[in-house]
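Following: one structure in structure tokens, then a few remarks.
Worth knowing before you read on, the calculation uses all heavy atoms, side chains too, and leaves out hydrogens, waters and symmetry mates. In each ligand, atom 1 is the first atom listed, and ligand 1 is the first ligand listed.
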Amino acid sequence: MRIVVFGAGAVGSRFAAALARAGSDVTIVARPEHVASVTAEGLQVDGDSRPPARLPAVDRLPKGTSTELVLLTVKSYDVETAGTAIAVALDRPSPVLALSNGLGIEERLASGLTQGGWTAPEAWVLRGVHTIPARMVRPGVVAETGRGEMVLGRNPALDGWSERLQTLFETAGFPTRVSDDIRRETWKKALVNAAINPVTADHGIPNGRLVEEPWRGQALALLREGVLAAASAGYPFDLADAERSVFGVARATAQNRSSMLEDLDRHRRTEIDAISGVLLSTGRSHGVAMPATVRAIERIHTRERERGAEP
Ligand code: KPL
């Protein structure tokens, strides 16, 4: 399958390398320094003895690009702009699988695609969520930092695509399932991110250390509030199940540094607003008190300022 991975940072590059090795014809759209290394030496997976994956890399998608699928792996705050760039560049609409962290991603993507000229963007958007971790070692080299799962939603306008993509990801080595309720899966993943990411980013610890105190207690306080907010929006979760999900992901990605911690280390803006920020505004609008979430958001914004994060 011809695939464009739009926003190939660490995670997008892990997918790109695995899909290319499994036989897909993959192009990545990435930051200029990553593009330069991949173009010169290929895309290397750290510790993999095979030669680097050779694939086209560009920092802008050229007009008239032809593809069968776009994997969207940009940061949540870039989803709308990316949608516009995709719609402007592609020679005709194709399915876009949105894999970014956070809530409200489908709406942002549809808005971007509309601004780029697509008339019925909802017909092309598929949502997926995953817990597959990766780290950018240096431009051109990505590390696989644990195990995870891909969950794909459905779109009635894209009949059979979810199963087709399930096979695609499974063949590339990623455990994948199709869900009939991707909105709920998106909330569940947001709860996991809201518990893991701010705590690991604030304290500079890998995900595995979240099982230890005092971080465990901090993550649980965020999770409890997140579960109340999700319930207020019509997505009830059992707290014990949610706890098992959070600590299951923390263990399966023990060596990984969360994307929020990596963002701070690279002086980049984090996704705190699309994760904890949306949980907070949802909870507040239903009268849920969320003091731990308020503090976590403030701490991460302070860290962003301390690191001089790009706006
Ligand atoms: O989604 C992640 C992230 O870091 O953003 C997890 C799965 C928590 C891996 O770190």
Side-chain angles (χ1 to χ4, degrees), residues 7-15 18 46 71-79 97-105 127-137 142-152 169 173-177 179 182 185-212 215-216 218-220 222-223 226 237 242-266 268-279 293 296-297 300 303-304 309:
V11 166
S13 296
R14 179 172 179 180
F15 288 137
D46 201 33
L71 288 195
L72 186 67
T73 51
V74 295
K75 295 288 174 186
S76 48
Y77 45 79
D78 283 332
V79 165
L97 175 61
L99 295 174
S100 307
N101 274 341
L103 292 162
I105 298 297
R127 181 68 166 122
V129 288
H130 71 89
T131 52
I132 296 158
R135 183 169 57 85
M136 194 65 99
V137 179
V142 68
E144 298 175 340
T145 45
R147 292 166 292 111
E149 180 196 38
M150 173 69 74
V151 185
L152 300 169
F169 280 104
F174 303 108
T176 305
R177 64 187 166 85
S179 166
I182 193 66
E185 299 286 350
T186 310
W187 276 86
K188 186 174 168 191
K189 173 72 196 307
L191 293 176
V192 167
N193 282 132
I196 295 181
N197 294 24
V199 180
T200 53
D202 191 17
H203 298 285
I205 52 168
N207 292 356
R209 300 210 56 194
L210 207 75
V211 300
E212 300 167 23
W215 305 302
R216 182 184 170 82
Q218 294 176 14
L220 283 175
L222 293 172
L223 183 64
F237 289 93
E243 251 185 75
R244 270 190 291 279
S245 298
V246 167
F247 294 108
V249 171
R251 284 194 191 88
T253 62
Q255 309 305 320
N256 192 56
R257 296 159 66 77
S258 70
S259 54
M260 200 168 279
L261 175 54
E262 282 288 302
D263 287 338
L264 288 180
D265 280 356
R266 288 166 194 269
R268 292 190 189 143
R269 182 177 167 191
T270 72
E271 297 182 303
I272 192 78
D273 296 330
I275 300 170
S276 312
V278 177
L279 287 177
T293 305
I297 294 172
I300 296 302
R303 294 265 186 235
E304 286 177 334

As a test of reading the model: which N/O atoms of the protein lie under 3.5 Å from N/O atoms of ligand 1, and at what distance?
| from | atom 1 | to | atom 2 | distance (Å) |
| --- | --- | --- | --- | --- |
| ligand 1 | 1 (O) | Lys189 | NZ | 3.0 |
| ligand 1 | 1 (O) | Asn193 | ND2 | 3.1 |
| ligand 1 | 4 (O) | Ser259 | N | 2.8 |
| ligand 1 | 4 (O) | Ser259 | OG | 3.3 |
| ligand 1 | 5 (O) | Asn101 | ND2 | 2.9 |
| ligand 1 | 5 (O) | Asn193 | ND2 | 3.4 |
| ligand 1 | 5 (O) | Asn197 | ND2 | 3.1 |
| ligand 1 | 5 (O) | Ser259 | OG | 2.5 |
| ligand 1 | 10 (O) | Asn207 | ND2 | 2.8 |
| ligand 1 | 10 (O) | Asn256 | ND2 | 2.9 |

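- Arg127 places no side-chain N or O within donor-acceptor distance of the main-chain N or O of Ile182, the cut-off being under 3.5 Å.
- Judged purely by atom type and a 3.5 angstrom limit, His130 uses its side chain to pair as donor or acceptor with the backbone of Ile132.
- Salt bridge absent: Glu185 and Lys189 never bring a charged side-chain N and a carboxylate O closer than 4.0 Å.
- Using modelled atom types, one side-chain atom of Thr131 and one backbone atom of Glu149 make a donor-acceptor pair closer than 3.5 Å.
- Looking only at side-chain heavy atoms (C-beta outward), Thr186 and Ile105 stay at 4.5 Å or farther from each other.
- Partners of Ser13 according to the side-chain hydrogen bond (donor to acceptor under 3.5 Å, both in side chains) rule, which considers only residues two or more places apart in sequence or in another chain, are His34.
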